[in-house]
Amino acid sequence: MGHAVVGVDIDESKVASLNRSECPIFEPGLVELLDENRSRLTFTTDFERAYRAAQVIFISVPTPEKADGSANLKYVLTAVGQIARSITSACVIAVKSTVPIGTGDRIQHQFDGLLDGTGLRAEVVSNPEFLSQGSAVEDMLHASRIVIGTESEHARDVMACVYEGFSSPVLFMNRRSAELVKYASNDFLALKIAYVNEIANLCDMLGADVDEVSRGMGADPRIGDRFLRAGIGYGGSCFPKDTKALHWLSNFHDREIKTVKAAIEVNAKQKLMLLKKAQRYYADFEGLTVAVLGLAFKPGTDDLREAPSIENVAVLLDAGATVRAWDPCAVENFKRHYPSEVTYCETIEDALKDADMCLIMTEWPEVVQLAPSVFAETMRHPIVLDGRNCYPLDGMAGSGIVYESIGRRAVNDLGGGV
Ligand SMILES: NC(=O)c1ccc[n+]([C@@H]2O[C@H](COP(=O)([O-])OP(=O)(O)OC[C@H]3O[C@@H](n4cnc5c(N)ncnc54)[C@H](O)[C@@H]3O)[C@@H](O)[C@H]2O)c1
């Protein structure tokens, strides 16, 4: 959009790789975008220099969950201190990190105290981020909305200038409302997923097909057809922590949001649904070879935060199974959890080799495009448990496998000879 941007991080290796034009995360279109904008974009760990004359500073540091589910603000508060010590002119602070309602007020107060007597002013604005991993560039450039929370006319004008080149609608509101829009939106989506997963579990019991139910529901524009795909639950860096943070906050104010609490509980159970189904075929998992297709919490990313794969692999290893895993992007990150306990495979076929069971955790295109015959030809016992409903059921009959997915009828082509 023509602005000059300095990316600041305390992680030297990230900054070094960005300065070598290497992207430290996998995100479609990001490398190209970085390359196109090299002339106006630099990266540094020298925050003092970066903040000194900045007109706008975006805070996008982590806000991970604490043990009690509340958001940990230590990174945000550290960044505020670093900014206050560094700036030499007035600036607008845009908080992009997802923060509890009232955090803007708290850090405005912190800035006012730290800058007292300097003649400098930092105006804190809430500017929540709505991008999804896996489509971050597209989501950012064509956002459904840009939310800016401030009561200051000057800060509002500066932010309007920042976003001048974007065609997305800009919604101005007060700072606390903007902070709540982020949690309310994420938690609503998490709730929608949890709801369809509960409907899917009911479909399993009642002989209905959740894909058809979702299609029927999604045709209603009041409901919409997105986030109605049944599966083994949501993961990632946002939905799990943002549901817990709002739940904590609502409890703190003695106004528990019961729907969000329900979403958290449903999702925790749903993540282990495939292993529950697996018990129909194996009383215990000791000595089994299990293929795990997909480790990332969703396709298009190498992020493993709260990915169902982590919990499922932990259970399998604890039970004494051998795990053969395949993922096109997330293997290096998974090795941080399991450096040697898991066999990492270059190809899907290799992961399936001699397996007694296959768990599909991520709907990567390579998995979706796989011919069902590959399972039958490669596995010792072709029991395929699909946590992402990758295949139409029609294509499974006659493929010589046992195929179970979420909220859809099981296909047993082995005639009970499992
Ligand atoms: N990941 C998403 O899809 C997404 C979407 C919307 C909002 N958010 C929110 O954005 C925030 C960041 O999330 P993320 O996934 O990008 O986290 P991340 O952990 O991937 O990246 C945050 C970066 O901040 C750096 N950092 C920490 N302290 C710093 C400091 N004082 N100065 C400079 N850099 C510092 C870290 O080294 C890290 O590289 C969170 O609040 C999250 O909830 C994330």
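Model, not experiment: these values are computed from the prediction. Order of listing sets the numbers, starting from 1, for every ligand and every atom in it. Basis for what follows: all heavy atoms, side chains included, without hydrogens, waters or symmetry-related copies.
Contacts with ligand 1 closer than 4.0 Å are made by side-chain heavy atoms of Arg305 only, the backbone lying farther away. When heavy-atom distances to ligand 1 are checked against a 4.0 Å cut-off, Asp242 has no atom that comes that close, whether in backbone or side chain. For Pro128, no heavy-atom contact with ligand 1 is shorter than 4.0 Å.
In this structure, the side chains of Arg175 and Thr150 stay at 4.5 Å or more apart for every pair of heavy atoms. Annotation: side chain of Ile360 is not in contact with side chain of Ile232 (no heavy-atom distance under 4.5 Å).
Heavy-atom contacts of Ile10 reach the following atoms of ligand 1: 26 (N), 27 (C), 28 (N), 29 (C), 30 (C), 32 (N), 33 (C), 34 (N), 35 (C), 37 (O) (cutoff under 4.0 Å). Against a heavy-atom cut-off of under 4.0 Å, Val8 is close to the following atoms of ligand 1: 33 (C), 34 (N).
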Problem - Test salt bridge (Lys or Arg N to Asp or Glu O under 4.0 Å) applied to Lys335 and Glu332, step by step - result: CA-CA 5 Å; Lys335 281 184 183 166; Glu332 286 314 309; 3.4 Å; yes

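The distance criterion of under 3.5 Å between nitrogen or oxygen atoms is not met by Ser60 with respect to ligand 1.
A donor and an acceptor atom, one from each side chain of Arg38 and Ser21, are located under 3.5 Å apart.
Relative ring orientation between Trp364 and Phe26 is described as tilted, the plane-to-plane angle lying within the 30° to 60° band. Relative ring orientation between Tyr338 and Phe334 is described as tilted, the plane-to-plane angle lying within the 30° to 60° band.
Comparing Gln133, Glu65, Glu129, Glu27 against atom 3 (O) of ligand 1, the shortest heavy-atom distance belongs to Gln133.
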